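Structure record follows, encoded as structure tokens.
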Number of protein chains: 2
Amino acid sequence: MRPGERGLRELDEIDRKLLRLLAADARRTNASLAAELGIAQSTCLARLNALRASHVIRGFTVDVEPGALGNALQALVFVRIRPGARHLMSEFGKAMTEVPGVTQAFFLGGDEDFLLHVSVRDAQDVRDFVVEHLSAHPAVANTRTSLVFEHLRGAEPWG
Amino acid sequence: MRPGERGLRELDEIDRKLLRLLAADARRTNASLAAELGIAQSTCLARLNALRASHVIRGFTVDVEPGALGNALQALVFVRIRPGARHLMSEFGKAMTEVPGVTQAFFLGGDEDFLLHVSVRDAQDVRDFVVEHLSAHPAVANTRTSLVFEHLRGAEPWG
DNA sequence: CGTGAAACCCACACGAC
DNA sequence: GTCGTGTGGGTTTCACG
């Protein structure tokens, strides 16, 4: 790694296993993690803090059933940016992540420029979202919406 | 709700705030959560366990920087299922989530049937993935791949 | 359901290797 | 980097409202 670059220090086998265990249950106690890794608690804690400090770990979150809070409908919205507004793309993406209901935003290469994953109550909410935040936006050329019948999470890439 | 049914009991304001706090940092101590919510620790723990038991909380995970483990490239792969193989779609989706590198699978309505989000090392890996797991699969009619330049996570829907 | 109190267990410094 | 230990604080149970 070049000096001054953000720390992407090599991860050893223990680091990877630690990440894998946390991916399965991020609320496990440090003691139980250490036991399964076969290292001392203090060592395990030091590694965990190092992974946080070096931004390998971005954070710990809870995975919530979307339907539990009245968000029964998910959709993917493809967005094409107006050719004359390409310089607004990065800004546009960030703005979209602030909109309630938008859970992910992909900045794409290819036919379409953006893909937004939205989780909302019903079809009316999707329409409102597209009309209010996309069609009205000066940078947006056009959009295309697909309903999500099922959303599956894959195995974490460091399996 | 009928007894024995999967609990989608109403969430009150405290439950929602609890989920929001956990979304921001899933490893916060129960004590600090209780303090911020203005309830007793034991009450907070009881609510947390209830949310887990009723499957409102699916789990706690760690958010890892994808590049940190050598996965520098992300792509979206759209998949069209062969008309005669529609009955294999559900099975196909589950199988895809087991493939290393596949982080998400969307089961779609619209032009295309599936969208796969893959996180891999380089372009060669994308090609290998498409050739080995998609083109060769009897249910797959055709695929289309878009590179992901940036992947942003949105605010959680219960903000 | 909610709570306070108490036993138990854990997190997180240290200092040493 | 790794480890063992101590102690302040957290987790969890339980009897009670």
Side-chain angles (χ1 to χ4, degrees), chain A residues 1-65 67-70 158, chain B residues 1-65 67-70 158:
Chain A
M1 141 191 21
R2 287 194 299 284
E5 194 165 10
R6 200 187 293 225
L8 279 193
R9 128 193 88 80
E10 289 284 314
L11 304 183
D12 62 16
E13 191 48 49
I14 295 181
D15 286 321
R16 273 191 290 270
K17 192 167 181 185
L18 175 54
L19 290 173
R20 185 148 27 94
L21 293 177
L22 286 170
D25 180 8
R27 272 188 82 81
R28 274 183 71 165
T29 64
N30 181 65
S32 114
L33 292 168
E36 187 152 349
L37 293 171
I39 59 179
Q41 298 182 13
S42 45
T43 305
C44 187
L45 184 65
R47 277 177 179 267
L48 204 165
N49 286 333
L51 288 171
R52 265 211 284 210
S54 63
H55 298 275
V56 171
I57 291 179
R58 292 199 285 213
F60 301 96
T61 67
V62 58
D63 184 12
V64 175
E65 171 73 35
L69 218 112
W158 55 84
Chain B
M1 134 190 27
R2 288 194 302 282
E5 190 167 12
R6 196 188 299 218
L8 277 195
R9 124 194 92 81
E10 288 283 314
L11 304 183
D12 62 17
E13 191 48 49
I14 294 181
D15 286 321
R16 274 192 288 270
K17 192 167 180 186
L18 176 55
L19 290 173
R20 184 148 27 94
L21 294 176
L22 285 169
D25 179 8
R27 273 187 81 82
R28 273 184 72 166
T29 64
N30 181 65
S32 111
L33 293 168
E36 188 153 348
L37 293 172
I39 58 180
Q41 297 182 14
S42 44
T43 305
C44 187
L45 184 65
R47 278 176 179 268
L48 204 165
N49 286 334
L51 289 171
R52 265 210 284 211
S54 63
H55 298 275
V56 171
I57 291 179
R58 292 199 286 215
F60 302 96
T61 66
V62 58
D63 183 13
V64 175
E65 169 74 35
L69 218 112
W158 54 84

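Please read these numbers as outputs of a predicted model, since none were measured by experiment. All heavy atoms count here, side chains included; hydrogens, waters and symmetry mates do not. Letters go in sequence order (proteins before strands), and every chain restarts at 1.
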Value in whole Å for how far the P atom of D:dT2 lies from CG of A:Leu48
13 Å

Sub-4.5 Å side-chain heavy-atom contact between A:Asn49 and A:Arg52
yes

Provide, to the nearest angstrom, the distance between the CG atom belonging to B:Asn30 and the C1' atom belonging to C:dC8.
15 Å

What is the distance, rounded to the nearest whole Å, between atom CD1 of B:Ile39 and atom P of D:dT11?
13 Å

Nearest whole angstrom, please: distance from the P of D:dT2 to the CD1 of A:Ile14.
6 Å

Would you mind telling me which of D:dT2, D:dG10, C:dC12 lies closest to the side-chain atoms of B:Thr29?
D:dG10

Nucleotides 13-15 of chain C: which of its N/O atoms have a protein N/O under 3.5 Å away?
none

Do A:Val56 and A:Asp15 make a side-chain contact, defined as non-hydrogen atoms from C-beta onward lying under 4.5 Å apart?
no

So, for B:Val64 and A:Arg58, which heavy atoms are closest and what is the spacing to 0.1 Å?
O-NH2, 3.8 Å

Assuming nearest nucleotide by heavy-atom distance, tell me which of A:Ala40 and B:Ser32 is located more 5' along DNA chain D.
A:Ala40

Between B:Arg28 (CZ) and D:dT11 (C1'), how many Å, whole number?
16 Å

Pair A:Leu45-A:Leu33, side chain to side chain contact (heavy atoms under 4.5 Å, CB included): steps then yes or no:
CA-CA 9 Å; A:Leu45 184 65; A:Leu33 292 168; over 6 Å; no

How many Å lie between CD on A:Gln41 and C1' on C:dC12, as a whole number?
10 Å

Distance check: side-chain N/O of B:Arg47 vs OP1/OP2 of C:dC1, anything under 4.0 Å?
no

Hunt down any stem DNA chain C takes part in, defined as 3 or more consecutive Watson-Crick or G-U pairs whose two distances are each under 3.5 Å.
C:3-17 with D:1-15

Decide side chain to side chain contact (heavy atoms under 4.5 Å, CB included) for A:Leu37 and A:Thr43; before the verdict, give the C-alpha distance in whole Å, the side-chain angles of both, and the deciding distance to 0.1 Å.
CA-CA 10 Å; A:Leu37 293 171; A:Thr43 305; over 6 Å; no

Sorted by chain and residue number, the side-chain contact (heavy atoms from CB on, under 4.5 Å) partners of A:Ala24 (sequence neighbours excluded) come out as none

Starting at CG of A:Asp12 and ending at C1' of D:dT2, how long is that distance when rounded to a whole Å?
12 Å

Steps toward side chain to side chain contact (heavy atoms under 4.5 Å, CB included) verdict (B:Arg27, A:Leu48):
CA-CA 12 Å; B:Arg27 273 187 81 82; A:Leu48 204 165; 4.2 Å; yes

I would like to know whether B:Leu19 and B:Leu11 meet side chain to side chain contact (heavy atoms under 4.5 Å, CB included); could you show each step before the answer?
CA-CA 10 Å; B:Leu19 290 173; B:Leu11 304 183; 4.1 Å; yes

Roughly, in whole Å, what's the span from CZ in A:Arg27 to C1' in C:dC10?
13 Å

Any non-hydrogen side-chain atom of A:Gln41 less than 4.5 Å from a side-chain atom of A:Thr29?
no

